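First comes the structure, then the notes that go with it.
Fair warning: this is a prediction, and the values are worked out from it, not measured in the lab. The figures that follow rest on heavy atoms only: side chains count, while hydrogens, waters and symmetry mates do not.
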Amino acid sequence: MKVIHLHQEEHEIIRLAFENNRQAQQMIFNKFSPKMLGVCRQYIKDLHFAEDLMLTAFMKVFSNLGSFENKGSFEGWIRRIMVNECISYIRVQKKVSFLEETTYIEESFNSIESDYRIDEIQFIIDQLPEGYKTVFNLYVIEGYKHLEIATMLGINEGTSKSQLSHARKMLQKQIQTLKNYSYGTD
């Protein structure tokens with residue numbers, strides 16, 4: 001039985017893509033684009049803009065392959081480029097406004113029940129104001145700390161915490177409304 005070293009194969013594909021091998025670049029794009037479109041879609045409501053940002057970010061992936069040091073996950077490296085591209089787009093569009101608040105209430109947030117489809121959950125998240133949505137995604141989905149989020153967005157750490165708190169409250173209300181609608185109660 002022959003053992004295939006998948007990790008070694010990925011390194012070879014990355015090396016070939018770095019050398020502008022179009023076939024290797026296409027393999028990387030085909031493998032990661034569905035997931036990365038999902039990442040972009042978390043930040044950008046309009047699917048067409050999300051697709052455009054994903055393509056722009058992939059151009060950055062291919063032009064910066066030399067900076068990937070094979071430390072950590074290649075997918076994680078690509079994901080970070082996608083997130084940064086989305087944050088840059090949001091900043092340029094000036095679609096995000098943050099209320100400068102330093103007080104916030106840390107609340108527990110129960111996970112969304114599994115009887116909701118992903119598109120329903122995404123729809124609920126899309127209803128958040130851009131600032132809430134951006135901080136929510138960076139904190140909950142991407143796992144950034146508030147200090148990192150504050151640095152990325154050019155806001156205070158307390159503002160990041162406040163935005164997350166407001167986002168959670170809003171999401172809880174929207175989930176409750178969805179539950180009431182699903183069960184026919186108001």
Side-chain angles (χ1 to χ4, degrees), residues 10 13-14 17 22-65 68 73-99 109-144 148-149 151-155 160 163-182:
E10 184 177 86
I13 292 170
I14 293 168
R22 299 291 183 228
Q23 210 172 13
Q25 290 174 343
Q26 186 67 44
M27 289 173 72
I28 290 171
F29 181 82
N30 290 344
K31 180 177 181 180
F32 295 108
S33 63
K35 257 188 194 173
M36 295 308 130
L37 179 58
V39 169
C40 293
R41 183 58 194 82
Q42 289 171 344
Y43 294 89
I44 309 301
K45 189 175 186 175
D46 185 291
L47 179 61
H48 298 293
F49 286 125
E51 287 173 340
D52 288 347
L53 285 169
M54 180 196 67
L55 293 173
T56 301
F58 264 111
M59 293 303 293
K60 290 183 179 181
V61 165
F62 295 131
S63 63
N64 291 298
L65 277 174
F68 178 65
S73 143
F74 183 58
E75 181 178 334
W77 182 78
I78 293 173
R79 183 182 188 100
R80 186 174 195 101
I81 292 171
M82 297 291 157
V83 169
N84 288 338
E85 190 65 25
C86 291
I87 298 297
S88 294
Y89 172 79
I90 290 169
R91 260 197 240 135
V92 167
Q93 296 300 312
K94 298 186 187 329
K95 290 186 176 183
V96 180
S97 61
F98 298 99
L99 299 174
F109 187 67
N110 299 331
S111 62
I112 297 174
E113 295 174 21
S114 61
D115 29 318
Y116 295 109
R117 295 186 326 260
I118 290 175
D119 61 328
E120 290 174 318
I121 295 168
Q122 186 63 55
F123 177 79
I124 291 170
I125 293 171
D126 282 343
Q127 301 313 303
L128 292 172
E130 287 298 321
Y132 293 3
K133 179 180 170 182
T134 303
V135 171
F136 178 83
N137 282 329
L138 289 170
Y139 186 84
V140 175
I141 308 296
E142 303 300 331
Y144 287 103
E148 294 171 305
I149 295 169
T151 302
M152 288 172 80
L153 300 177
I155 59 176
S160 175
Q163 297 287 299
L164 178 63
S165 177
H166 290 303
R168 285 179 167 172
K169 285 179 189 174
M170 220 174 186
L171 287 172
Q172 286 173 334
K173 283 181 184 178
Q174 290 174 339
I175 290 167
Q176 189 59 49
T177 301
L178 188 58
K179 277 184 189 178
N180 291 343
Y181 179 74
S182 296

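Between Leu128 and Ala167, the closest heavy-atom pair is CD2-O, 3.9 Å. Shortest non-hydrogen contact noted between Glu142 and Leu138 is CB-O, 3.4 Å. Of all non-hydrogen atoms in Phe29 and Pro34, the two that sit nearest each other are O-CD, 4.4 Å. A pairwise comparison of heavy atoms in Ile44 and Ala50 identifies CG2-N, 3.8 Å as the closest pair. Of all heavy-atom pairs between Cys40 and Cys86, the closest is CA-SG, 3.6 Å. Scanning both residues, Phe62 and Gln25, for their nearest heavy atoms gives CZ-O, 3.3 Å.
Taking CD of Glu51 as the reference point, atom CG of Leu53 lies at 10.5 Å (rounded to 0.5 Å). Between the CD1 atom of Ile141 and the CD1 atom of Ile125 there is a distance of 5.5 Å, given to the nearest 0.5 Å. Taken from OG in Ser165 to OH in Tyr132, the straight-line distance is 9.0 Å, to the nearest 0.5 Å. Interatomic distance, Ile81 CD1 to Arg79 CZ, rounded to the nearest 0.5 Å: 13.0 Å. Rounding to the nearest 0.5 Å places CD of Gln174 at 8.0 Å from CZ of Phe123. From Lys133, atom NZ reaches atom CE of Met170 across 12.5 Å, with rounding to the nearest 0.5 Å.
A 4.5 Å side-chain heavy-atom check between Asn137 and Val83 finds every atom pair outside the cut-off. With a 4.5 Å cut-off on side-chain heavy atoms, Tyr89 and Tyr43 do not count as touching. At a threshold of 4.5 Å between non-hydrogen side-chain atoms, the residues Tyr139 and Arg168 count as touching.
Side-chain rings of Phe58 and Phe32 stay apart, their centers remaining 6.0 Å or farther from each other.
Other residues, nucleotides and ligands contribute more than 12 heavy atoms inside 6.0 Å of the CE atom of Met152. Atom CZ of Arg80 has 12 or fewer heavy atoms from other residues, nucleotides or ligands within 6.0 Å. At most 12 heavy atoms of other shown residues, nucleotides or ligands fall within 6.0 angstrom of atom CD in Gln23.
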Derivation of the side chain to side chain contact (heavy atoms under 4.5 Å, CB included) call for Phe68 and Asn64: CA-CA 7 Å; Phe68 178 65; Asn64 291 298; over 6 Å; no
Side chain to side chain contact (heavy atoms under 4.5 Å, CB included) assessment of Lys45 paired with Gln127: CA-CA 9 Å; Lys45 189 175 186 175; Gln127 301 313 303; 4.0 Å; yes
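Looking at Asp126, Asp52, Asp46 one by one, the single match for salt bridge (Lys or Arg N to Asp or Glu O under 4.0 Å) with Arg41 turns out to be Asp126. Each of Thr134, Thr151, Ile149, Leu153 was compared with Ser160 under the side chain to side chain contact (heavy atoms under 4.5 Å, CB included) criterion, and only Ile149 meets it.
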